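Counting starts at 1 for both ligands and their atoms, in listed order. Not measured: the values here are computed from a predicted model.
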Amino acid sequence: MACQREDELQELVDEARKIAYEGKVANYIPALQKQNPEVLSCAITYPNGKCVSAGDINQSFSLQSISKIITLAIVLMDYGVDHVFHKVGMEPTGDPFNSIVKLETSSQAKPLNPMINAGALAVTSMIKGKNAEEKVEYILKFVRKLCNDPDITYCNDVAISEFTTSFLNRSLCYYMKGGGVIHGNVEEIMEVYTKHCAISMNSLHLANVGAVFAMNGVNPVTGERVMPKEVARICKTFMVTCGMYNASGEFAIKIGIPAKSGVSGGIMCSVPGRFGIGIFGPPLNDIGNSHTGMKLLELLQEKYDLSMF
Ligand code: DON
């Protein structure tokens with residue numbers, strides 16, 4: 001069991017918050033620059049649906065790269081393992097999340113995994129729907145089920161801010177289109193991608209999403225199976241090998257649990273059979289992971305022995 005008491009969790013949140021100004025809030029997506037570095041929240045959801053939380057838990061944030069796990073789960077359910085892994089690989093890169101370099105050196109512009117931007121864009125290109133609106137709605141419908149909240153939507157300001165500045169992601173798309181890995185209209189793929197990255201929730205929601213993956217695809221609150229066990233297993237495995245960008249190896253050694261982070265400062269963890277964690281702390285370290293969130297996970301690991309290994 002991890003933390004069962006909100007006062008104990010609040011102490012760790014207060015401790016981690018002390019280093020807020022050692023990190024830097026993401027600014028390459030202009031809308032994220034406005035985030036308050038001192039905000040820090042954490043929620044832990046257990047298999048019985050019980051949730052322990054502390055800090056600024058009502059503060060919403062955009063999922064950014066955490067949404068890559070969700071879109072991966074959707075395409076695995078819709079197309080199956082063989083089709084998806086024909087388009088995108090299974091190997092960590094060791095490069096920054098937005099790097100283009102491996103597209104040129106790998107065969108036919110196939111991205112190495114679905115957690116880097118290139119891989120996630122290839123996954124987004126597979127989402128079902130007649131147009132961008134339908135595709136975004138399809139993703140949101142699934143996210144609402146994962147969060148038990150019918151009001152979940154995306155933040156339009158964040159989506160537009162990224163859509164109008166995201167030239168590198170467009171380049172990744174065109175490179176992959178040239179290599180025959182993705183088809184379709186790049187602007188539409190970019191619209192769907194930036195909107196799913198801008199899906200907004202708080203750490204209570206995120207802990208529930210983490211718990212669904214931890215519970216092999218069963219929602220701990222409703223008891224509903226929302227994805228097959230196999231899909232949850234593959235997503236958790238990617239969280240271990242590539243979820244914390246090119247710090248995934250260090251994270252596996254130091255914390256030892258499946259986790260996925262996003263540049264807004266969110267971290268989702270899914271500890272198999274034990275609990276889901278949702279964290280939000282906007283200042284980032286050099287790699288792009290939440291600086292205060294990482295500190296909090298180190299404190300949780302020290303106190304409650306989170307590691308699976
Ligand atoms: O594509 C981007 O740069 C952002 N929407 C998400 C980046 C992020 O969170 C880190 N990526 N793995």
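Looking at residues two or more places apart in sequence or on another chain, you find no ring pair (Phe, Tyr, Trp, His ring centres under 6.0 Å) involving Y138. Looking at residues two or more places apart in sequence or on another chain, you find no ring pair (Phe, Tyr, Trp, His ring centres under 6.0 Å) involving H205.
Here the side chains of V13 and R17 are in contact, with some heavy-atom distance below 4.5 Å.
Using a 30° and 60° split on the angle between ring planes, F275 and Y46 fall in the perpendicular class, above 60°. Relative orientation of the H83 and Y79 rings is parallel, given thresholds of 30° and 60° on the angle between their planes.
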Enumerate, atom names and distances included, each donor-acceptor pair closer than 3.5 Å involving a side-chain atom of residues 84-91, sequence neighbours excluded.
residue : atom : partner : partner atom : Å
K87     : NZ   : V181    : O            : 3.4

Identify the protein atoms, limited to N or O, that lie within less than 3.5 Å of an N or O atom of ligand 1, and list each pair with its distance to 0.1 Å.
residue  : atom   : partner : partner atom : Å
ligand 1 : 1 (O)  : N117    : ND2          : 3.1
ligand 1 : 1 (O)  : E162    : OE2          : 3.0
ligand 1 : 1 (O)  : N169    : ND2          : 2.9
ligand 1 : 1 (O)  : Y193    : OH           : 2.6
ligand 1 : 3 (O)  : Y28     : OH           : 2.5
ligand 1 : 3 (O)  : N117    : ND2          : 3.3
ligand 1 : 5 (N)  : Q64     : OE1          : 2.7
ligand 1 : 5 (N)  : E162    : OE1          : 2.9
ligand 1 : 5 (N)  : E162    : OE2          : 2.7
ligand 1 : 9 (O)  : S65     : N            : 3.0
ligand 1 : 9 (O)  : S65     : OG           : 2.6
ligand 1 : 9 (O)  : V263    : N            : 2.8
ligand 1 : 11 (N) : S65     : OG           : 2.2
ligand 1 : 11 (N) : K68     : NZ           : 3.1
ligand 1 : 12 (N) : S65     : OG           : 2.6
ligand 1 : 12 (N) : K68     : NZ           : 2.8

